[in-house]
Amino acid sequence: MRDGIRRCAGSGAAAEWHPERGAGTCPPDNEVKTPLRITWLCPYPTHDLGPFGLQVARVMSSHACSWIVNLLDALRQRDDCAVDLVTTTPTVDRRQTVVRDGVTIHVL
């Protein structure tokens with residue numbers, strides 16, 4: 001902090017916090033930060049969403065997409081982000097929304 005102006009790490013003049021104006025992109029230290037909202041479009045495997053309310057019109061095998069499942073699980077466990085997931089599948093006849101472990105999954 002110099003002259004009452006706090007500079008955010010790794011940023012230039014655009015990320016300065018001026019206490020008297022509140023201008024810039026760097027919030028004060030005691031400010032509550034809003035969680036990051038993530039909307040993720042990906043080929044999420046829907047074969048195990050039945051217990052969460054997904055109604056399938058036909059059964060088809062699908063790839064497990066383990067990296068997507070594991071990354072979603074890691075994001076879900078964070079306190080600083082909220083995730084909505086959007087996926088498509090030929091196994092449903094209409095748009096549906098299910099909630100699994102706090103993540104809203106939109107199936108198209």
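Everything numeric in this text was worked out from a predicted model, so none of it was measured.
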statement: All heavy atoms of Q55 vs all of R94, minimum pair found to be OE1-NH2, 2.7 Å
- request: Nearest 0.5 Å please: distance from the OG1 atom of T89 over to the CG atom of L54.
  value: 8.0 Å
- prompt: When V83 is tested against each of T104, L72, L71, I105 for side chain to side chain contact (heavy atoms under 4.5 Å, CB included), which residue passes?
  reply: L72
task: Please confirm whether the backbone N or O of P90 pairs with a side-chain atom of R58, one donor and one acceptor, at under 3.5 Å?
output: yes
query: By side chain to side chain contact (heavy atoms under 4.5 Å, CB included), which residues pair with V86, not counting sequence neighbours?
result: T39, L41, H106, L108
message: Count I, L, V, M, F, W, Y as connected when their side-chain heavy atoms are under 4.5 Å apart, and connections chain through other members. Are W67 and L85 then in the same cluster?
response: yes
field: Sidechain-backbone polar pair: T87 side chain, V107 backbone, donor-acceptor under 3.5 Å
entry: no
task: Tell me, with the steps shown, if D80 and L36 meet side-chain contact (heavy atoms from CB on, under 4.5 Å).
output: CA-CA 6 Å; D80 62 346; L36 177 65; over 6 Å; no
Cut-off 3.5 Å, no hydrogens considered: what does the side-chain donor-acceptor table look like for residues 45-53, sequence neighbours left out?
unit_1	atom_1	unit_2	atom_2	d
H47	ND1	S62	OG	3.2
D48	OD1	R100	NH1	3.4
D48	OD2	R100	NH1	3.0
D48	OD2	R100	NH2	3.4

